[in-house]
Amino acid sequence: MALALLRVGVRSAISRGILEKRGAQALSCSLFASEQNAFRTENAYQYAHVAKRMYSKRNVHHTRASASVNEDSDSDSDSDDEHNRGESQFWRRKMRTLHSHLDVNKDGVISYDDFMLLGERFADLGHLSPAAKEEFEQVLRDMWVEQWGEISPYNLVSVEKYLEEMHHVLNDTSLKRKCHHFLPFLFKAVDKDGSGEISVQEFKLFFQCLGLSHDHAVVSFTFIDTNEDGKISFKEFVKLGRDYILSDDPTRPSKHFWGPLVE
Ligand SMILES: [Ca+2]
Ligand SMILES: [Ca+2]
């Protein structure tokens, strides 16, 4: 499924004329060769890289056309206009996607139970030792408190509440950072062996615990691994994770962070 979607994405990117005329023919030939090869081998990795290259091409144009973007900035003002963030249908779709994944038990609301279920799945599938499991759960507890506050069975977050709250914090300068403060905790949780980097295996395990396929994990991993060294660094993870939440721009690669967007 992911492979088919990527194939469509590659073709439509080419048909939209994103590639520059000069050299486009040669590049598209090599891309389609990669595409065919990926079909033969069912290699999601190759597909993801083809799609990512198309994004990179497109971003060159995007960057030229828009205000300059400071890649290394820690400021929240580097993403989009300062006003009216979170107004687009695209942004709402991204937030509904994130909500659906964090609602691990799929009862329609995000609750502390979801985080504990995620901890149990991660411990079981990842064969964590009791000590590692306890540490993982502590990180999830910290992440919950950071993002949602009180640990209580009555602290439930519906989709509507989530959209409303995220929209509010996004447009309030003093609260804006709060909406992505959970990312460092999540990074620590997903970095199972504590090496300071996330491997593709660790990321697959994380996606599996959220009910997402390994193919989707590979695609997201490839987009988040900006420097293509085969590992997701803390900086790469937080940068794209933050952009996913803050950006209204559907051309950003960060939209792949949490797998396919829900309808
Ligand atoms: Ca739930
Ligand atoms: Ca990397």
Side-chain angles (χ1 to χ4, degrees), residues 74 95 97-107 109-157 162 165-166 169 175 177-227 229-245 254 256-259:
D74 286 330
M95 291 310 108
T97 302
L98 185 47
H99 183 280
S100 79
H101 295 331
L102 295 178
D103 174 17
V104 182
N105 64 6
K106 305 300 175 204
D107 67 350
V109 290
I110 300 173
S111 66
Y112 185 63
D113 287 348
D114 291 314
F115 277 44
M116 289 303 102
L117 181 58
L118 178 61
E120 277 169 32
R121 283 190 192 170
F122 205 88
D124 288 347
L125 292 168
H127 308 292
L128 296 189
S129 68
K133 183 184 178 189
E134 174 52 38
E135 193 184 333
F136 184 84
E137 286 175 344
Q138 184 59 50
V139 173
L140 288 175
R141 269 194 292 276
D142 293 344
M143 184 172 144
W144 175 269
V145 170
E146 178 67 35
Q147 179 83 359
W148 308 111
E150 189 187 3
I151 294 176
S152 145
Y154 303 106
N155 193 358
L156 306 171
V157 187
Y162 187 62
E165 190 169 314
M166 292 299 270
V169 297
L175 292 175
R177 285 176 179 277
K178 176 179 149 69
C179 64
H180 49 74
H181 258 181
F182 72 98
L183 288 167
F185 294 98
L186 188 60
F187 181 87
K188 194 174 174 205
V190 180
D191 177 19
K192 187 180 126 178
D193 65 4
S195 69
E197 292 174 314
I198 293 172
S199 68
V200 71
Q201 289 306 327
E202 288 169 336
F203 201 76
K204 278 181 183 174
L205 176 61
F206 168 55
F207 260 38
Q208 189 178 351
C209 293
L210 294 175
L212 289 158
S213 75
H214 284 182
D215 276 357
H216 286 143
V218 167
V219 172
S220 295
F221 184 94
T222 305
F223 277 100
I224 301 169
D225 176 19
T226 313
N227 69 355
D229 68 348
K231 303 278 181 188
I232 296 177
S233 69
F234 179 82
K235 195 174 169 183
E236 288 170 336
F237 188 85
V238 171
K239 182 174 168 52
L240 258 77
R242 193 185 65 175
D243 200 61
Y244 181 96
I245 291 168
S254 60
H256 298 281
F257 194 102
W258 291 93

Could you tell me which non-hydrogen atom of [X] sits nearest to which non-hydrogen atom of [Y], and how far apart they are?
| X | Y | answer |
| --- | --- | --- |
| Gly241 | Leu183 | C-CD1, 3.4 Å |
| Leu205 | Lys192 | CD2-CD, 3.8 Å |
| Asp243 | Ser254 | OD2-OG, 2.8 Å |
| Asp107 | Val109 | OD1-O, 3.0 Å |

Residue pair [X] / [Y], side-chain heavy-atom distance below 4.5 Å:
| X | Y | answer |
| --- | --- | --- |
| Leu117 | Phe122 | no |
| Tyr112 | Leu156 | no |
| Leu210 | Trp258 | yes |
| Leu212 | Phe206 | no |
| Phe207 | Ser213 | no |
| Trp148 | Glu165 | yes |
| Val218 | Lys204 | yes |
| Leu125 | Cys209 | yes |

Ring geometry between Tyr244 and Phe257 (parallel below 30°, tilted from 30 to 60°, perpendicular above 60°) = tilted

Reference residue Ile232; test side chain to side chain contact (heavy atoms under 4.5 Å, CB included); the match among Thr222, Ile224, Val200 = Ile224

Among Asp193, Val190, Asp225, the one residue meeting side chain to side chain contact (heavy atoms under 4.5 Å, CB included) with Ile198 = Val190

Reported [atom1]-to-[atom2] distance for the pair [X] and [Y], which is rounded to 0.5 angstrom:
| X | Y | atom1 | atom2 | value |
| --- | --- | --- | --- | --- |
| Glu202 | Lys231 | CD | NZ | 7.0 Å |
| Phe221 | His214 | CZ | NE2 | 13.0 Å |
| Asp113 | Leu118 | CG | CG | 12.5 Å |
| Ser100 | Tyr162 | OG | OH | 10.0 Å |

Donor-acceptor pair, side chain of [X] and main chain of [Y], under 3.5 angstrom:
| X | Y | answer |
| --- | --- | --- |
| Asn155 | Glu150 | yes |
| Ser220 | Ala217 | no |
| Asp191 | Gly196 | yes |
| Ser233 | Glu197 | no |
| Glu137 | Glu134 | no |
| His99 | Val157 | yes |

Hey, is CD on Glu135 packed in by over 12 heavy atoms from elsewhere, all under 6.0 Å?
-> no

Does Lys188 NZ have over 12 foreign heavy atoms under 6.0 Å away?
-> no

When you check the gap from the basic side-chain N to the acidic O, do Arg141 and Glu146 get nearer than 4.0 Å?
-> no

Out of Phe203, Phe185, Phe187, which residue meets the ring pair (Phe, Tyr, Trp, His ring centres under 6.0 Å) rule with Phe237?
-> Phe187

Determine whether the side chains of Gln147 and His181 contain a donor N or O and an acceptor N or O closer than 3.5 Å.
-> no

For residues 114-123, the salt bridge (charged side-chain N to carboxylate O under 4.0 Å, His left out) pairs (sequence neighbours left out) are none

